[in-house]
Asker: 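Next up is a structure, given as structure tokens.
Atom set for the values below is all heavy atoms of this structure, side chains included, hydrogens, waters and symmetry mates excluded. In each ligand, atom 1 is the first atom listed, and ligand 1 is the first ligand listed.
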Amino acid sequence: MSNSIESLLKESRVFPPDEEFSAHAHIRSLEQYRALYEKSIHEPEAFWGEIASSLHWFAEPRRVLEEDPPRARWFVGGTTNISYNCLDRHLPTLRRNKAAILWEGEGGDTRVLTYQQLHRETCRFANVLRKLGVRAGDRVAIYMGMVPEIAVAMLACARIGAVHTVIFGGFAAEAVRDRVNDSKASLIVTCDGAVRRGQLVPLKAVVDKAIVDCPTVRHTVVFKRTGERVDMEPGRDHYWHEVIEAVGASAPPLPVDSEHPLFILYTSGTTGKPKGVVHTTGGYMVGTYVTSKYVFDLHENDTYFCTADVGWITGHSYIVYGPLSNGATVVMYEGAPNFPDPGRLWQICERWGVTIFYTAPTAIRAFMRWGEQWPMKADLSSLRLLGSVGEPINPEAWMWYQRVIGNARCPVVDTWWQTETGAIMISPLPGATPTKPGSATLPFFGIEAEVVRRDGSRCAPNEGGFLVIRRPWPSMMRTIYGDDERFQRQYFNEIANVYFTGDGARRDEDGYIWLMGRVDDVVNVSGHRLGTAEIESALVSHRAVAEAAVVGRPDEIKGQSLVCFVTLRPGNVASKALKTQLAEHVAQEIGRFARPDAIRFADALPKTRSGKIMRRLLKDIAAGGDTKGDVTTLEDLSVLATLRQSDDD
Ligand code: WTA
């Protein structure tokens, strides 16, 4: 981490907002940003109350904010429905026949759903859910590919007050099973299969495997995408196109309390058990609505393309709820960014006239490697704003993105946030904030971000520390599903009286925030957030493994890659074949995206006298450097020397 501080410190370029852009932006100057920011901090109730009033409430909130630290309740007493705000609210306006979703399949097939059509499909699917016994508060798991129906399924749940839990389509059966069981879902919405790089990915077959151990599931609904043969159990499994024919298209939205849970989304933490992050309705809706509007400077005729998967928080907040609550047109792409060739995303931008493009640094680094000729082949002149999310963006990647994709005329917004925060927290506002390549710049309205030391005291300018948030914000997570104690401990007990993000950062002399990556045992591989403990527990579930420690190491394309240190049970021999087997085992247990990049066998792992594995030392070894810092707590020094010699392919 110390290295990245030094290299970032050398970055001194500043890009003021383009005058032409500012002239038409929602927020037009740094002064305007600062004035609104001050108001949002000093009069949060007035500030957020006003924003909430742009959305529809069946019953107006009695109070904007009620605090009971570390808890906060937002828009108290208000009732609303986010599907109403994303759909019905637009129908009496010109947006009725505006495209809500422009969808492109990997094979090149396309679909357009207007707001009216999306509303109709959502209503019908809401009726399907009701018919299959789903009631307000029940959990519905969604395990699908990137088809418009994934948004329909989410909106339909929200419409009837059911709580969705979307499980990323790359997860394997074991991971699906754990998430379904933790959430006690009664129904799973899935597809027969998904399409990825020209291959069929069986989804229903994975569900079939998982469901054997999912006692709470009573029904599945299967959307036919690939047409492959699937097993359907009569009475339990239903085809989407069949059940949808049997219901009407009228489905009044259920007014729910502002604090009614909207969804659970599982994310990795520092233990082996994924956390079910719970978001509620009102605050999340207001947060995603307002950040979409100001950070992406959304205007009526924009065409907005976010390349994330709906299975992650970025897809929830910035493909579905944020843009749709603004009545925006969203491009949704099903497949791989380099299929059939590395120019695919740029062809999509050209074909649909994309104006706002939001992607991840790992993708940008892949674009750089594939070469400028691909974006050069496409007409990207419709683009007017570029965004980045998911990990720290290195200044070279930022500059490349700005120059090659943005033709040096589009502002770049580097947006920092988390599954837990629900919405963007730190980001430039494109018409207002001068940007510095590699910095997420300044906090969004209402967000009191600070960089502090372990004891909670504020760091000096440019001193690295922990990023914390001082005050509650509307879209913050409310709890970990079924484990409120862990919620309080992990986020509010690390440093007294603040929300602990788990990220390291520094603030420069202008108050700009520079993120430095995670300070805990979470790694970020190609924008997929993985808990090292989860991978360790997958490894030790293999019969040959005695103990495992997993760390991240810097990787040029992926941000971080996974290095696993493994000790074997007696009677097992270290071999290349076993390495492959173990990597495959992790892919089987968690999903291919979590396949380790390197496995290193060791006779012993470095431990403290109390038996804690010293991952800090393993990180240094994995990165190929010398171990730094204090080793006096290490039980057996010779372990380190042996580990350095272990080979790495
Ligand atoms: C990292 C994704 C630097 C960070 C929205 C955070 C970032 C974790 C940025 C959350 C950024 C996300 N700059 N780091 N702009 N955006 N991160 O929950 O470490 O998948 O804690 O949410 O990604 O990952 P998650």
Asker: Quick one: which ligand 1 atoms are inside 4.0 Å of a heavy atom on Val389?
Answerer: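 Those qualifying, in numeric order: 5 (C).
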Asker: Using a 4.0 Å cut-off to any heavy atom of Thr415, which atoms of ligand 1 qualify?
Answerer: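 Listed by number with element: 9 (C), 11 (C), 15 (N), 16 (N).
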Asker: Say whether Arg529 and Asn524, considering side chains only, have a donor N or O and an acceptor N or O under 3.5 Å apart.
Answerer: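 Note: Arg529 and Asn524 side chains miss the donor-acceptor criterion.
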Asker: Counting both backbone and side chain atoms, is some N or O of Gln418 under 3.5 Å from an N or O of ligand 1?
Answerer: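 In this structure, Gln418 places an N or O atom under 3.5 Å from an N or O of ligand 1.
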Asker: State the atoms of ligand 1, each with its element, that fall below the 4.0 Å cut-off from a heavy-atom position in Thr314.
Answerer: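 Every atom of ligand 1 under 4.0 Å from some heavy atom of Thr314: 5 (C).
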Asker: Which ligand 1 atoms, with their elements, are less than 4.0 angstrom from a heavy-atom of Asn524?
Answerer: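 Result: 1 (C), 23 (O).
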Asker: Do the rings of Tyr358 and Phe296 sit parallel, tilted or perpendicular, given the 30° and 60° boundaries?
Answerer: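 If you compare the ring of Tyr358 with that of Phe296, the planes turn out perpendicular.
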Asker: Only heavy atoms of Thr419, strictly under 4.0 Å: list the atoms of ligand 1 that pass.
Answerer: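 Those atoms are 18 (O), 20 (O), 22 (O), 25 (P).
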Asker: Between ligand 1 and Arg529, is the shortest N or O to N or O distance under 3.5 Å?
Answerer: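 Yes, Arg529 has an N/O under 3.5 Å of an N/O on ligand 1.
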Asker: Mark yes or no: Arg470 above the aromatic ring of Tyr499, with NZ or CZ under 6.0 Å from the six-membered ring centre and no more than 45 degrees from the axis.
Answerer: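 Because its charged atom misses either the 6.0 Å distance or the 45° angle limit, Arg470 does not stack over Tyr499.
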Asker: Okay, side chain of Arg518, backbone of Val522: is any donor-acceptor separation there less than 3.5 Å?
Answerer: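 Pair absent, no side-chain N/O of Arg518 close to backbone of Val522.
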Asker: Hey, looking at atom 7 (C) of ligand 1, which of Glu391, Arg518, His316 has the closest heavy atom?
Answerer: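 Checking each option, the heavy atom nearest atom 7 (C) of ligand 1 is found in Glu391.
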Asker: For Tyr266 and Asp182, which I'm curious about, is there any donor-acceptor pair between the side chains at under 3.5 Å?
Answerer: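 Per modelled atom types, Tyr266 and Asp182 side chains form a pair under 3.5 Å.
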Asker: Looking only at heavy atoms of Gly502, does any of them come nearer than 4.0 Å to an atom of ligand 1?
Answerer: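 Checking ligand 1 against Gly502, which is what was asked, there is no heavy-atom contact under 4.0 Å.
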Asker: Ser457 and Asp455: side-chain donor and acceptor closer than 3.5 Å?
Answerer: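 Asp455 and Ser457 do have a side-chain donor-acceptor pair below 3.5 Å.
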